[in-house]
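Just below is one structure, and these are the notes that go with it.
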Amino acid sequence: VIIIIGKRGAFMYANGQLIFQDQHFLDHLVLEVPIQIYNGRSHSDVGFIDYYGRDFVRVNKILYSRKHFTFISRPGY
């Protein structure tokens, strides 16, 4: 579990938690918390976010659609 304290309050991410909001992606980007990426039930990638936008998240130089992939928090991975 990772706890992040910011201006808007404290945020806690558990290993295996879904991340989907902009703030989730920003927290993981800034604090360099690894994420795991799934396409349906199939594992696609694991790594650190180096960019996120409204439609895509970039991990390991690959853009993943936020609409088609599932993103999981992996603190301590």
Side-chain angles (χ1 to χ4, degrees):
V1 175
I2 185 171
I3 299 173
I4 301 164
I5 300 173
K7 291 180 182 178
R8 298 185 328 158
F11 304 92
M12 182 172 69
Y13 294 99
N15 191 21
Q17 179 177 337
L18 289 174
I19 60 171
F20 51 88
Q21 295 178 350
D22 284 345
Q23 187 64 50
H24 297 165
F25 291 109
L26 178 61
D27 291 343
H28 283 72
L29 170 68
V30 170
L31 295 174
E32 298 181 343
V33 177
I35 66 167
Q36 196 165 12
I37 302 163
Y38 285 88
N39 184 2
R41 293 184 177 196
S42 298
H43 173 263
S44 294
D45 205 351
V46 65
F48 298 95
I49 297 172
D50 58 33
Y51 165 83
Y52 78 94
R54 186 183 70 175
D55 297 315
F56 295 95
V57 176
R58 187 171 63 208
V59 174
N60 298 327
K61 300 181 182 179
I62 300 171
L63 288 173
Y64 293 96
S65 169
R66 287 176 63 170
K67 293 178 183 176
H68 293 99
F69 290 88
T70 301
F71 304 91
I72 307 290
S73 182
R74 292 293 186 210
Y77 194 76

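- Residues H24 and I35 have side chains not in contact (no heavy-atom distance under 4.5 Å, counting atoms from C-beta outward).
- In terms of modelled atom types and a separation under 3.5 Å, the side chain of R66 and the main chain of V57 share no donor-acceptor contact.
- I72 and V46 end up in different hydrophobic clusters when Ile, Leu, Val, Met, Phe, Trp and Tyr side chains are linked at under 4.5 Å.
- Residues S73 and V33 come closest through the heavy atom pair OG-CG1, 4.1 Å.
- For D45, there are no salt bridge (Lys or Arg N to Asp or Glu O under 4.0 Å) partners, not counting sequence neighbours.
- For S65, the side-chain hydrogen bond (donor to acceptor under 3.5 Å, both in side chains) partners two or more places apart in sequence, or in a different chain, are H68.
- Among residue pairs with one or both ends in residues 39-63, those qualifying as ring-ring contact (aromatic ring centres under 6.0 Å, His included) are Y38-H43; sequence neighbours excluded.
- In terms of the salt bridge (Lys or Arg N to Asp or Glu O under 4.0 Å) criterion, R74 has no residue partners (sequence neighbours excluded).
- Annotation: the span from S44 atom OG to F69 atom CZ amounts to 5.0 Å, rounded to 0.5 Å.
- The CD atom of Q21 lies 12.0 Å from the CG atom of L26; values are rounded to the nearest 0.5 Å.
- By the rule that hydrophobic residues join a cluster once side-chain heavy atoms approach within less than 4.5 Å of another member, L63 and F25 end up as members of separate clusters.
- Sequence neighbours left out, the pairs with a member in residues 51-62 that pass salt bridge (Lys or Arg N to Asp or Glu O under 4.0 Å) are D50-R58.
- A distance of 4.5 Å separates CD1 in I19 from CD1 in I49, rounded to the nearest 0.5 Å.
- Contact check for H28 versus F71: no side-chain heavy atoms found under the 4.5 Å cut-off.
- The shortest side-chain heavy-atom distance between Y13 and D27 falls under the 4.5 Å cut-off.
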